[in-house]
2 protein chains.
Amino acid sequence: MPKGTHAAKEEAATRRTLEDVRGPLRAFVKAKGLHESKIRDLIVETFLSSQEHLGLDQLLERVRAKNPGVGMATVYRTMRLLEEAGLVQTRNFNAGPTLYEMVLGRPHHDHLICTRCGLIVEFVSEPIERLQEKVAEQHGFQLMRHRHEMFGLCADCRRSGA
Amino acid sequence: MPKGTHAAKEEAATRRTLEDVRGPLRAFVKAKGLHESKIRDLIVETFLSSQEHLGLDQLLERVRAKNPGVGMATVYRTMRLLEEAGLVQTRNFNAGPTLYEMVLGRPHHDHLICTRCGLIVEFVSEPIERLQEKVAEQHGFQLMRHRHEMFGLCADCRRSGA
DNA sequence: TTAGTTGCAAATATTTTGCACCCTT
DNA sequence: AAGGGTGCAAAATATTTGCAACTAA
């Protein structure tokens, strides 16, 4: 699959702005005794204005369009901070770079991924969620998180003959 | 989690021998016009006699105990061949090295992973499998494969206070 | 001023590839 | 003989870290 193919085809999701994130992020930063910074805000803002499931190489590219001096390490450090703060989560659908997804104020969901065009569709299935708990219980596990990814051909790709 | 911790704790699974694998592997090798080799057999045999969900660094270590001259590249090449032949599958539970799992003659299953001790438990839930199909259908997807991983604390780790 | 933040380069970690030489067919 | 298999080193990919200079508190 060509790099970045999925970007344009991805389904729209509710978008949060820097304002939505600023509160929780500030609280986390303060609690850890860290400082605030303009570059961090720029990275967060750029991430929020991009499509979901973004790789950090693409994010850096977008950040540099506004401030060419920003380094890759800072992007990694910033996203790791957001992850520690529980505002974003990482996804690894295929091999290759880890993708980041905003989770603040969004309900849990899992993913359907088209192996041909890269389309990513989010889904929630309450029955599956409940059955998971049951399975975990049967094995004595206390469930903390899960990852449920289904790969196949999306409707468009099925039509256009894969 | 300490490297390799999960190895000893992993649940036993039906073990296949080189004899089980030799037939399908030979057929695949012949169909692709490849040659056979002793080192390949040694790697396959060593993989089969190890626990499930093995990383290639650990596999190389075990292979070198029998033949110190073997190189890492050959281990990668051999396991990639097995994967192309549909005999093994890769798993990526956490970050870090990809783990390999034999699938020949084994029914599909998913995984429960203990985030504290690394225990890996395999499970199958027919109801979940069926619901997955339904979800895929609702979104117009033709499902080809899926990955369902649940992370939490196993019974032992819950008892010993995590 | 104290301590976190940043860019850059170097280091890690994982996996792949080029190439000369060896082994199968 | 022809062509795949192997080890080694180098490359490629993804991510992290050391460090000196910069900036927030």
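A note on names: the letters A, B, ... follow the listed sequences, proteins ahead of strands, and every chain is numbered from 1.
- Computed from coordinates, the A:K30 NZ to C:dT5 P distance equals 15 Å when rounded to whole Å.
- The CG atom of B:L56 sits 14 Å away from the C1' atom of C:dA13 (whole-angstrom rounding).
- Regarding B:L60, its CG atom lies at a distance of 13 Å from the P atom of C:dT14, rounded to whole Å.
- Judged as a salt bridge (charged side-chain N to carboxylate O under 4.0 Å, His left out), and not counting sequence neighbours, A:R77 has no contacts.
- The two atoms that bring B:L54 and B:S50 nearest to each other are CD2-CB, 3.7 Å, heavy atoms only.
- A:R145 is linked by a salt bridge (charged side-chain N to carboxylate O under 4.0 Å, His left out) to nothing, counting only residues two or more places apart in sequence or in another chain.
- For A:E137, the CD atom is loosely surrounded, since the number of other residues' heavy atoms within 6.0 Å does not exceed 12.
- No hydrogens or angles considered: a donor-acceptor pair under 3.5 Å links the side chains of B:D110 and B:H146.
- Following rounding to the nearest Å, B:Q58 (CD) and C:dT14 (P) show an atom-to-atom distance of 11 Å.
- For the pair B:R26 CZ and D:dG4 P, the interatomic distance rounds to 19 Å; values are reported in whole Å.
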Quiz prompt | Derivation and outcome, side-chain contact (heavy atoms from CB on, under 4.5 Å), residues A:R116 and A:S160 | solution = CA-CA 11 Å; A:R116 185 153 173 268; A:S160 58; 3.2 Å; yes
Once base and sugar-phosphate atoms are separated, protein heavy atoms under 4.0 Å mark nucleotides 18-25 of chain D, 5' to 3', with B, S and - as B-----BS
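- Across the interface with DNA chain D, nearest-nucleotide mapping of B:K32 and B:T74 shows B:K32 to be the residue nearer the 5′ end.
- Across all their heavy atoms, B:P97 and B:N92 have their closest contact at O-OD1, 4.3 Å.
- For B:R64 and B:G33, each mapped to the nucleotide of DNA chain D holding its nearest heavy atom, the one lying further toward the 5' end belongs to B:G33.
- Remark: P of D:dC8 and OH of B:Y76 are 16 Å apart, rounded to the nearest angstrom.
- Nearest nucleotide to the A:R40 side chain, out of C:dT6, C:dT14, D:dT15: C:dT6.
- Rounded to a whole Å, the CE atom of B:M72 is 18 Å from the C1' atom of D:dG5.
- Dashed line: the shortest gap from a side-chain N or O of B:R80 to OP1 or OP2 of C:dT17 is under 4.0 Å.
- In this structure, the CG atom of B:D57 is 9 Å from the C1' atom of C:dT14, given to the nearest Å.
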